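Before any comments, here is the structure.
Just so you know, these numbers use all the heavy atoms, side chains as well, and skip hydrogens, waters and symmetry mates. Letters A, B, ... mirror the listed sequences (proteins, then strands); counts begin at 1. In this text the structure is predicted, and so the values were computed from the model without any measurement.
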2 protein chains.
Amino acid sequence: MGTSRTGAAGAASRIVVSRTGRLASAPRTGLKAPSSALPNPSLKAVPVRKGGALPEDLPLNQILLGDCIASLAKLPAESVDVVFADPPYNLQLEQALTRPDHSLVDAVDDDWDKFASFSDYDSFTRAWLSGVRRVMKKNATLWVIGSYHNIFRVGATLQDLDFWLLNDIVWRKANPMPNFRGRRFTNAHETMIWASKSADSKSYTFHYDAMKSANEDVQMRSDWFIPLCTGDERLKGEDGRKVHPTQKPEALLARVLLSSSNPGDVVLDPFFGTGTTGAVAKKLGRNFIGLERDPAYAKAARARIDGVEPLSDISIAAAPEKRTETRVPFLSLLEGGHVKAGETLTDERRRFQATIRADGTLTLGPVIGSIHKIGALSQGLPACNGWTFWHVLRDGKLVCIDDFRAKVRAEIGA
Amino acid sequence: MGTSRTGAAGAASRIVVSRTGRLASAPRTGLKAPSSALPNPSLKAVPVRKGGALPEDLPLNQILLGDCIASLAKLPAESVDVVFADPPYNLQLEQALTRPDHSLVDAVDDDWDKFASFSDYDSFTRAWLSGVRRVMKKNATLWVIGSYHNIFRVGATLQDLDFWLLNDIVWRKANPMPNFRGRRFTNAHETMIWASKSADSKSYTFHYDAMKSANEDVQMRSDWFIPLCTGDERLKGEDGRKVHPTQKPEALLARVLLSSSNPGDVVLDPFFGTGTTGAVAKKLGRNFIGLERDPAYAKAARARIDGVEPLSDISIAAAPEKRTETRVPFLSLLEGGHVKAGETLTDERRRFQATIRADGTLTLGPVIGSIHKIGALSQGLPACNGWTFWHVLRDGKLVCIDDFRAKVRAEIGA
DNA sequence: CATCGAATTGAATCCAGCC
DNA sequence: GGGCTGGATTCAATTCGAT
């Protein structure tokens, strides 16, 4: 490590984080580069890429410290196969938020997420996307993740820059943060846009069959159900606090890379953070290039990636989707036509009645509530399973609404 | 039907589709309007709206034929409660693109023309969204549905026009069209953006409690699983072919209107198509205004809506929201004899005590304050809901003072 | 050591009414 | 309109602590 080479001039990115996690100065002459075009020797399982040698000056499996736009400008054109980008979301936090128990939510309020205006954010987006597009090979694809705060601006900018949108993928969170004030729907997903470099990029990588086999032999859909990054996977500092506020789950990156890259490919992440992309790339035998501005993040990423052992059998990497019994809202029974608003529900012994409302609640006299609450109230009990308690009359016979739930579950394949 | 009235001048929308489905010419002087400010008499179950009369010149429960931007310009400002919009998606080059003036864009692979296409689509989007925003009441909200072809441009334009995004909702399709060529993920969802008129619109309608009750007593999430519109619900022409290519399922509209509107509200749909919004609005006791430029769609919509039977009042009556229940002073509990001055209050786990004073305040040692303030002080928290925190001993058991508040509310009929 | 319950936490544009 | 205050508001998963 440490060979300097003459390269693009520029002020940024003069520092790389070596694989030991130390910060090292590099000469002003250009990017730090590995001593050969081969992958970093610490990444034992990275196969040599088919289809041509890698450019000599590609800083493979390294983290380039500095502004990502400046770093991008110094990478060779048309040199990477896939890009995964998790840019700042431009959250607009009005004020502190507390949970119902009055504890404070540790929100993202870092400086890197602050922009003065939409216009500023758009300029920033256009700049880094342009830089990314230049280093993408002709058939490379790009993933960008975001929330409703920023993803619309990112998507529009992608289209303006002649990227070609292939899919928008919804990451449905298994365990999202609730809406504490009850003023909106629970914000339970984020959106990823998958785009090719241009409409002409017809030979982009997509492992259709692998995705299909990993999904019980049906086509992988555009909505993915994956838990948040928590537990041991979440990087924590010596103080026990999370190192990065928005670390993404490895399962998400694994599905991204397995579907749209090949072993030996070069994966670029311009907002590397604590290196989830690099860790998963190494695990799956891909090369990575990480760009990161914050030395603390970069150092944590380096240490993390050095601890990753490449998988010997990549096929096991596609973690099966979390399977829990799907929650069926009673409202779905109305939507599916199994029961009707205004209809009367009764119990097996026909002692109690309640009326179905159009919004999926029940009424019992003046009281409105869920099937469970009204079931409990009817019987004077503290709790009740409304699914098994309530019945409707069909052809003169009582049918339990749980039968309809089973039908709905069957319909949705859950 | 057929009363003309002097209104805003303008060239478009001189035709309305009467509820019999006939196309009728209307004078150049303005919009067709019903003969009174009350809802269309064919909509028997539409309750009269609380909170003020409707503007006299609002064409309730009608379909205005013509260009939606022109029609919007003639509706009175700040007159509608909710908007649902399903704008044209046709952005991809393979499909025709309509300019704001409805001339056809001859889309080709030419870069310049492609830019022009996005730009045209943006102008169109900006035009109709501006028109919609003008007719929205201060606390009205807007829903727009789209796919990755157009939703990013719509979302960015919404933000540019100072709409305030509340949620993006993912409609997960139960039975999406498979991806035949196996080159992408199955496009199994569409996206809806829910936005208020501005960041100041804090009192928008959201039936949080109803949604939660309808969803197993947990918050409704931003991902909704709803089947496509098929079967009998799908409008078919005499040739057996579908009348409209993208007819939305009524279940989707039902959840939209149930969550974000009240009975008697005015629901505007500027791209009415075959009238799903109108059909669901009528069924749920809401008023609608539909704008549609294709006479065939409008005619099919009119016939469809006329066949809709509104649901009974009991199944759609507005549910009381807990947060808007009448405020009861703690002093009323003393006055009603539910608690006594000098009595000791304690929390559920009997860790804290406070004494009730005759004026409805509590004392904790030397400190005097409200049930909330003293509750917060006891626990060392910044805030506390005294109603649910404090209990009194009755027959050896702890009773929450919130139970007494419920009794008081029942007594005063609130 | 196992088990049960309490505490913690996560990309969040998160209050309303009265004076 | 600004300021004050009453009081409404959380789901799933993991970790920690007590028994």
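As judged by a 4.0 angstrom heavy-atom cut-off over every strand, A:Ser147 is placed among residues making no nucleic acid contact. If you check every strand for non-hydrogen atoms under 4.0 Å, A:Gln95 touches a base. Within the 4.0 angstrom heavy-atom criterion, base atoms lie near A:His102. Using a 4.0 Å heavy-atom cutoff across all strands shown, A:Trp171 reaches no nucleic acid atom at all. Across all strands shown, B:Leu165 has heavy atoms under 4.0 Å from base atoms, whether or not it also approaches the sugar-phosphate. Contact annotation for A:Asp86: base contact, defined as any heavy-atom pair under 4.0 Å involving a base atom. Using a 4.0 Å heavy-atom cutoff across all strands shown, A:Asn90 reaches no nucleic acid atom at all. The residue A:Arg183 sits close only to the backbone: its heavy atoms come under 4.0 Å of sugar-phosphate atoms, none of a base. If you check every strand for non-hydrogen atoms under 4.0 Å, A:Arg241 touches nothing. Here A:Pro249 lies out of heavy-atom contact (under 4.0 Å) with every strand. Among the atoms of the strands shown, only primed sugar atoms or phosphate atoms (P, OP1, OP2) are found under 4.0 Å from some heavy atom of B:Ser370.
Below the 3.5 angstrom threshold, one finds a donor paired with an acceptor across the side chain of A:Arg99 and the base of C:dG10.
The pairing partner recorded for D:dA13 is C:dT8, the criterion being a Watson-Crick or G-U wobble arrangement whose two distances lie under 3.5 angstrom. For C:dG17, the paired base is D:dC4 (Watson-Crick or G-U wobble, both distances below 3.5 Å).
Both B:Ala383 and B:Lys212 lie close to DNA chain D; mapped to their nearest nucleotides by heavy-atom distance, the more 5′-ward contact belongs to B:Ala383.
For B:Phe389 and D:dG6, the CZ to P distance is 16 Å, given to the nearest whole Å. Between the CG atom of B:Leu381 and the P atom of D:dA8 there is a distance of 17 Å, given to the nearest Å. Regarding A:Lys114, its NZ atom lies at a distance of 13 Å from the C1' atom of C:dA12, rounded to whole Å. Atom CG in A:Asp101 sits roughly 14 Å away from atom C1' in C:dG10 (whole-Å rounding). One interatomic measurement links the two molecules: CG of B:Asn385 to P of D:dT9, which rounds to 9 Å at whole-angstrom precision. Atom P of nucleotide D:dG6 and atom CD of B:Glu325 are separated by 19 Å, given to the nearest angstrom. In this structure, the CG atom of A:Leu91 is 13 Å from the C1' atom of C:dC14, given to the nearest Å. Computed from coordinates, the A:Leu97 CG to C:dA11 C1' distance equals 12 Å when rounded to whole Å.
Counting only heavy atoms from C-beta outward, the side chains of A:Val170 and A:Ser222 never approach each other to under 4.5 Å.
A cation-pi contact, defined as under 6.0 Å to the ring centre and within 45° of the axis, links A:Arg255 to A:Trp224.
The ring of A:Trp112 has its center no closer than 6.0 angstrom to the ring center of A:Tyr89.
In this pair, A:His244 and A:Tyr297 present their aromatic rings tilted. The plane angle is within the 30 to 60° band.
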